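Some notes on the structure that comes next.
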Protein chains: 2
Amino acid sequence: MKILLVEDEHKIAHSIKQGLEQEHFVVDIAYDGKTGYDLASEGLYDVLILDRLLPGLDGVAICQQLREEGKHTPILMLTAKTQVQDKVEGLLAGADDYLTKPFAFEELLARVKALTRRPSGMTRHRLEVVDLSLDTDTFDVVRSGKRIVLSAKEFALLEYMMRHHNKIVSKEQIISHVWNYDADILPNTVEVFIGYLRAKIDRPFPKEKPLIHTIRGFGYKIGEKE
Amino acid sequence: MKILLVEDEHKIAHSIKQGLEQEHFVVDIAYDGKTGYDLASEGLYDVLILDRLLPGLDGVAICQQLREEGKHTPILMLTAKTQVQDKVEGLLAGADDYLTKPFAFEELLARVKALTRRPSGMTRHRLEVVDLSLDTDTFDVVRSGKRIVLSAKEFALLEYMMRHHNKIVSKEQIISHVWNYDADILPNTVEVFIGYLRAKIDRPFPKEKPLIHTIRGFGYKIGEKE
DNA sequence: CAATTTGCTGAAAATCTCCTGAAAATGTTT
DNA sequence: AAACATTTTCAGGAGATTTTCAGCAAATTG
């Protein structure tokens, strides 16, 4: 789960980033509206957190522009003011939720989670593929009743693949969704992590069919067949 | 938005119909598989909701048949059991989503909405020529309901030809579009790959007319006639 | 009907992709 | 700072794909 945080106050930005990373989100920061907009429009993020007041392009403007382009990434808007006026403006611009500063981190977290959950229906924090399940709330990963312990990156990779089960995902897609945008990662790194996942979720279950498949020349796929 | 609901239990069918109508969907009901299939194949519906277990033709069978005919109306499958086997079977048959009974109506609604949303949100990347279809998103290639596995270059070549179906494409055009601009490729390489494609998409279907045609002196063409 | 061109095909050669063990770099805990 | 875990790069090799080559068949030309 990748989040873009657009916030000009470095201190606040970093503390939020850190908090979200402890919750296993991948977080990129943009310190001004322009770069924020540029990054957001690539469409690689699952949630955007926009500050209402920003140097250059402000939160509402970014929001509006993205919506006009047909992008509907969930947006959480942060604002200093409590004014009803602001809230209305933000929602009109296309924001999905609103949070007034100062706020408790827990509150931010709750709303971000609500936004990430929304597209897949009601309360859904569990991904399942055949006999493998992954819980994005508790970070439990279980196959055939057995608990599996994963590292942060392994978890992020598996989550991404499970969100796209039965679809082929290329190494490039994986890199841009699972790693930060400024990370300079070789395709081989993905291969290595696929290897780690196989060692943990396929090899220990020789009775079951393997779930991770490589489609040579295209990428990888998680699912039962092929 | 028009929905076809194929469900033999009248009570359930009506309560679902009523709920969806409150959400401004237009809902038709078929109480058995045969009529369900007949109605569905007219292609007038935006979403199909199929019960897994039906008198006569069951949900999976309907699903399979429709897909083989190249119809890709989004399908939501309802199944009584939680069995992994069932889910897999349904998805293999070509369902887009499934829901296990009993379910909360809200959940059904959420999924139906998700299915109706998809076409507007994401453009279906599917190319079709007669009974051959190629999905540039999932990389699935299917002819007459049969999956065809292609290598990366074969896929790229077929994609290019299908984007220009019924048009003649020269070997030079193919080279410059399917290979990198700096690749130094002999025309014969294209001939070889055309051979590979024929072996995979024409030869295994002797009952159908071949789709790949050589126009001596000019190039190749993909399409029904000539 | 020869002579030439164009395309097909089997098989060899060249190249590329992916996997893996291990080392290096980075991060975390104690 | 040491011990440990995680992330990332590197290098070698197995196997699949891509590309070339060479001989043959079919069409075209004169």
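For the numbers below, each heavy atom of this structure counts, side chains included, while hydrogens, waters and symmetry mates do not. These numbers were taken from a predicted model, which means no experiment stands behind them.
- Remark: P of D/dT18 and CG of B/Leu158 are 13 Å apart, rounded to the nearest angstrom.
- Taking the side chain to side chain donor-acceptor pair (under 3.5 Å) definition, one finds that A/Asp202 meets it with A/Arg143, sequence neighbours left out.
- Heavy-atom contacts from other residues, nucleotides or ligands closer than 6.0 Å to NZ of A/Lys153 number more than 12.
- The stretch residues 182-191 of chain A touches DNA chain D through A/Asp184, A/Ile185, A/Leu186, A/Asn188, A/Thr189, each having a heavy atom under 4.0 angstrom from the strand.
- Partners of A/Glu172 according to the salt bridge (charged side-chain N to carboxylate O under 4.0 Å, His left out) rule, which considers only residues two or more places apart in sequence or in another chain, do not exist here.
- Remark: B/Trp179 is in phosphate contact with D/dT19, judged by side-chain N or O atoms under 4.0 Å from OP1 or OP2.
- Between the CG atom of A/Leu150 and the NE2 atom of A/His24 there is a distance of 9.0 Å, given to the nearest 0.5 Å.
- Between the CG atom of A/Leu157 and the P atom of D/dT7 there is a distance of 11 Å, rounded to whole Å.
- A/Lys171 has its NZ atom 16 Å from the P atom of D/dT8, to the nearest Å.
- For the side-chain contact (heavy atoms from CB on, under 4.5 Å) criterion with B/Tyr220, the lone passing option out of B/Ile168, B/Leu197, B/Ile194 is B/Ile194.
- Helical stems in DNA chain C, defined as runs of 3 or more consecutive Watson-Crick or G-U wobble pairs with both donor-acceptor distances under 3.5 Å, are listed by first residue as C:1-30 with D:1-30.
- Taking CG of B/Leu48 as the reference point, atom CG of B/Asp46 lies at 9.5 Å (rounded to 0.5 Å).
- Using a 4.0 Å cut-off between a side-chain N of Lys or Arg and a carboxylate O of Asp or Glu, A/Arg67 and A/Asp96 qualify as a salt bridge.
- Phosphate contact (OP1/OP2 of D/dA16, side-chain N/O of B/Ser151, threshold under 4.0 Å): absent.
- Within residues 192-204 of chain B, the residues approaching DNA chain D are B/Val192, B/Phe193, B/Tyr196, by heavy-atom distance under 4.0 Å.
- Rounded to an integer number of Å, the gap from A/Lys153 NZ to D/dA5 C1' is 14 Å.
- Taking every nucleotide of DNA chain C with any atom under 4.0 Å from a non-hydrogen atom of chain A, the first and last of them, 5' to 3', are C/dT17 to C/dT20.
- In this entry the distance linking CD of B/Glu154 with P of D/dT19 reads 11 Å, nearest Å.
- Checked by atom type and distance alone, the side chain of A/Lys17 pairs as donor or acceptor with a backbone atom of A/Val27 at under 3.5 Å.
- Within 6.0 Å of NE2 in B/His165 there are 12 or fewer heavy atoms belonging to other residues, nucleotides or ligands.
- There is no side-chain donor-acceptor pair under 3.5 Å between A/Arg198 and A/Thr214.
- No more than 12 heavy atoms of other residues, nucleotides or ligands sit less than 6.0 Å from atom CZ of B/Phe218.
- The distance from the CG atom of A/Asp131 to the CZ atom of A/Phe205 is 7.5 Å, given to the nearest 0.5 Å.
- Once rounded to the nearest 0.5 Å, the distance linking CD1 of A/Ile201 with CD1 of A/Ile222 reads 4.5 Å.
- Atom P of nucleotide D/dT17 and atom CD1 of A/Ile215 are separated by 12 Å, given to the nearest angstrom.
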